[in-house]
Trainee: 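Okay, here's the structure, questions in a sec.
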Amino acid sequence: FQAEDGIRDVAVTGVQTCALPICALTVTGSLVWQNGTMQGSGSTTLATGASGIIGTTGVLSLVNRGLTNRGSLLWAGNSSFALSGAGFVNAAGASFVIQNDQSITSGNGATIANAGVIVKNSTALSTVLPAFTNTGTVNVNGGTLQFNSFPTNDGALVLANGAVLSTNANSLTSSATGLLAGSGTFNVGGAGRTLTVNGALQPGNSAGRLAINGNLVLGAGSVTSVELGGTTQGTNYDWIDVTGNASLAGTLNIVNLGTFSPTAGQNFVVLSTSGSVGGVFATVNQPFASLLTPTYNAANLTLGTQAAL
């Protein structure tokens with residue numbers, strides 16, 4: 001575990017310990033880490049173009065050591081993944097696929113930084129306990145992906161139909177560079193917890209329902225886009241469904257889906273709450289010849305046609 005060059009295929013089982021003061025391992029072929037402990041100063045890097053599979057059964061432990069993925073890494077099987085005094089980086093251009101309904105546990109200041117793509121494919125609960133930062137993309141394709149320490153999002157969070165991203169009952173702020181999209185559920189914990197959007201909000205998967213368990217606050221610089229392609233809420237046109245209160249601001253973009261054209265008297269409830277609606281969009285952009293008029297009701301936002309288009 002001391003070689004720095006020429007490492008192509010590595011099978012890791014048991015305990016692997018670096019004896020040197022700084023031990024760098026670069027895998028340029030394939031990495032198979034089934035279980036056991038990787039520890040020691042320095043770092044292990046899965047190089048660009050390389051691939052790896054971690055986990056079968058038992059526990060994977062990364063102790064006082066960095067792990068950087070620049071290739072394609074799959075977390076499979078039923079192994080939990082313990083980080084202690086360690087940092088895991090999913091670099092730009094890399095993919096980390098979660099096909100595992102276990103936990104990544106945390107100790108001694110462990111961190112995970114994503115600048116690439118993380119894909120959650122398994123169908124139950126996968127939990128990430130280390131402090132998490134995201135400047136890349138997280139795709140939740142199934143089940144629930146829970147982050148216990150994720151206060152700010154700077155990248156893209158995309159939810160497939162029925163999928164859930166949970167913050168373990170902690171509020172989440174998506175920054176000006178952030179994107180929240182899809183037709184699943186952002187669960188920030190319900191009452192007293194808030195999802196704040198300062199970047200882009202794009203409900204639906206052309207089109208669909210995006211649920212928010214908690215309050216929704218749209219910042220002045222936020223851009224919300226809703227697609228209209230028919231008259232069925234959450235099926236032909238986008239719908240934001242909020243369990244708490246919604247505070248509106250920023251820009252609303254109305255996007256024509258396909259060749260649909262609203263007719264006089266049609267109404268589209270694009271946002272509803274179980275609480276109240278406050279604020280208004282400063283700018284409303286739309287593609288239709290005549291205006292869809294936004295009506296800010298006590299508990300919903302409705303777009304209504306006032307004349308034939």
Trainee: Is the closest side-chain donor-acceptor distance between Asn213 and Thr243 under 3.5 Å?
Mentor: yes
Trainee: Do we see a donor-acceptor contact under 3.5 Å between the side chains of Arg70 and Thr45?
Mentor: no
Trainee: If Ile, Leu, Val, Met, Phe, Trp and Tyr residues are connected whenever their side-chain heavy atoms lie under 4.5 Å apart, and connections chain through other members, are Leu201 and Val280 in the same group?
Mentor: yes
Trainee: Looking at every heavy atom in both Ala246 and Leu271, which two are closest together, and how far apart are they?
Mentor: CB-CD2, 4.0 Å
Trainee: Donor-acceptor pair, Gln266 side chain versus Thr231 backbone, under 3.5 Å?
Mentor: no
Trainee: Check whether any side-chain heavy atom of Phe186 lies under 4.5 Å from a side-chain heavy atom of Thr167, and answer yes or no.
Mentor: no
Trainee: Sub-3.5 Å donor-acceptor pair from the side chain of Thr305 to the main-chain atoms of Thr263, do we have one?
Mentor: yes
Trainee: Report the C-alpha distance between Ser206 and Leu257 in whole Å, list the side-chain angles of each, state the deciding distance to 0.1 Å, and finish with yes or no for side chain to side chain contact (heavy atoms under 4.5 Å, CB included).
Mentor: CA-CA 7 Å; Ser206 298; Leu257 184 59; 4.2 Å; yes
Trainee: Going only through I, L, V, M, F, W and Y residues with side-chain contacts under 4.5 Å, is there a path from Leu46 to Val97?
Mentor: no
Trainee: Side-chain heavy atoms under 4.5 angstrom apart, residues restricted to Ile, Leu, Val, Met, Phe, Trp, Tyr: same cluster for Leu31 and Leu74?
Mentor: no
Trainee: For Val284 and Leu303, what are the C-alpha separation, side-chain angles and deciding distance, and is it a side chain to side chain contact (heavy atoms under 4.5 Å, CB included)?
Mentor: CA-CA 11 Å; Val284 177; Leu303 302 177; 5.6 Å; no
Trainee: As an exercise, state the distance from CG of Leu159 to CG of Asn141, rounded to the nearest 0.5 Å.
Mentor: 9.5 Å
Trainee: Going by atom types alone, do Thr177 and Ser175 pair a side-chain donor with an acceptor below 3.5 Å?
Mentor: yes
Trainee: State, yes or no, whether a side-chain contact exists between Phe88 and Leu73 at a heavy-atom distance under 4.5 Å.
Mentor: yes
Trainee: Flag yes if Leu248 and Trp239 sit in one hydrophobic cluster, no otherwise; membership is Ile, Leu, Val, Met, Phe, Trp, Tyr, and two members link when side-chain heavy atoms are under 4.5 Å apart.
Mentor: no
Trainee: Measure the shortest side-chain to side-chain distance between Leu195 and Leu180 over non-hydrogen atoms and say whether it is less than 4.5 angstrom.
Mentor: yes
Trainee: Distance check, rounded to the nearest 0.5 Å: Ser183 atom OG versus Asn161 atom CG?
Mentor: 4.0 Å
Trainee: Can you tell me how far OG of Ser247 sits from CG of Leu218, rounded to the nearest 0.5 angstrom?
Mentor: 7.0 Å
Trainee: Check whether any side-chain heavy atom of Pro203 sits under 4.5 Å from a side-chain heavy atom of Val226, and report yes or no.
Mentor: yes
Trainee: Could you tell me if the side chain of Phe150 sits less than 4.5 Å from the side chain of Val138, heavy atoms only?
Mentor: no
Trainee: Does Thr224 use its side chain to pair, donor to acceptor, with the backbone of Leu252 at less than 3.5 Å?
Mentor: no
Trainee: Evaluate the ring planes of Phe96 and Trp75, with Trp represented by its six-membered ring, and classify them as parallel (under 30°), tilted (30 to 60°) or perpendicular (over 60°).
Mentor: parallel
Trainee: Would Leu216 and Val197 count as a side chain to side chain contact (heavy atoms under 4.5 Å, CB included) if you check the C-alpha gap in whole Å, the side-chain angles of each, and the deciding distance to 0.1 Å?
Mentor: CA-CA 8 Å; Leu216 172 65; Val197 180; 4.0 Å; yes
Trainee: Does some side-chain heavy atom of Ser106 sit less than 4.5 Å from a side-chain heavy atom of Leu83?
Mentor: no
Trainee: Taking all non-hydrogen atoms of both residues into account, name the closest pair between Val242 and Gly214 and its distance.
Mentor: CG1-O, 3.2 Å
Trainee: I'd like to check Tyr237 versus Val270 (side-chain heavy atoms, cut-off strictly below 4.5 Å). Are they in contact?
Mentor: yes
Trainee: After noting the C-alpha distance and the side-chain angles of Ser84 and Gln39, does the key distance pass the side chain to side chain contact (heavy atoms under 4.5 Å, CB included) rule?
Mentor: CA-CA 10 Å; Ser84 179; Gln39 65 185 26; over 6 Å; no
Trainee: Please check if Leu165 and Val217 belong to a single hydrophobic cluster, counting links between Ile, Leu, Val, Met, Phe, Trp and Tyr side chain heavy atoms closer than 4.5 Å.
Mentor: no
Trainee: List the atom of Leu125, the atom of Gln146, and the distance in Å for their closest heavy-atom pair.
Mentor: CD1-CB, 3.9 Å
Trainee: Only one of Thr133, Asn90, Asp154 forms a side chain to side chain donor-acceptor pair (under 3.5 Å) with Asn114, so which one is it?
Mentor: Asn90
Trainee: What I want to check is whether the side chains of Ser122 and Asn100 have a donor and an acceptor closer together than 3.5 Å.
Mentor: no
Trainee: Looking at Gln34 and Ser79, what are the two nearest heavy atoms and their distance?
Mentor: O-OG, 3.8 Å
Trainee: Which heavy-atom pair separates Ala110 from Pro130 by the least distance, and what is that distance?
Mentor: O-CB, 3.6 Å
Trainee: Supply the atom-to-atom distance Asn134 CG to Thr137 OG1, rounded to the nearest 0.5 angstrom.
Mentor: 7.0 Å
Trainee: Please check: side-chain N/O of Asn69 versus main-chain N/O of Ser95, any donor-acceptor pairing under 3.5 Å?
Mentor: yes
Trainee: Do Val140 and Val164 come close enough that some side-chain heavy atom pair is under 4.5 Å?
Mentor: no
Trainee: Taking atom CG of Asn300 and atom OG of Ser272, what is their separation to the nearest 0.5 Å?
Mentor: 7.0 Å
Trainee: Say you draw a straight line from CD1 of Ile98 to CG of Asp101; how long is it, rounded to the nearest 0.5 Å?
Mentor: 9.5 Å
Trainee: On a heavy-atom basis, which atom in Asn205 and which in Gly182 lie closest, and how many Å separate them?
Mentor: OD1-CA, 3.7 Å
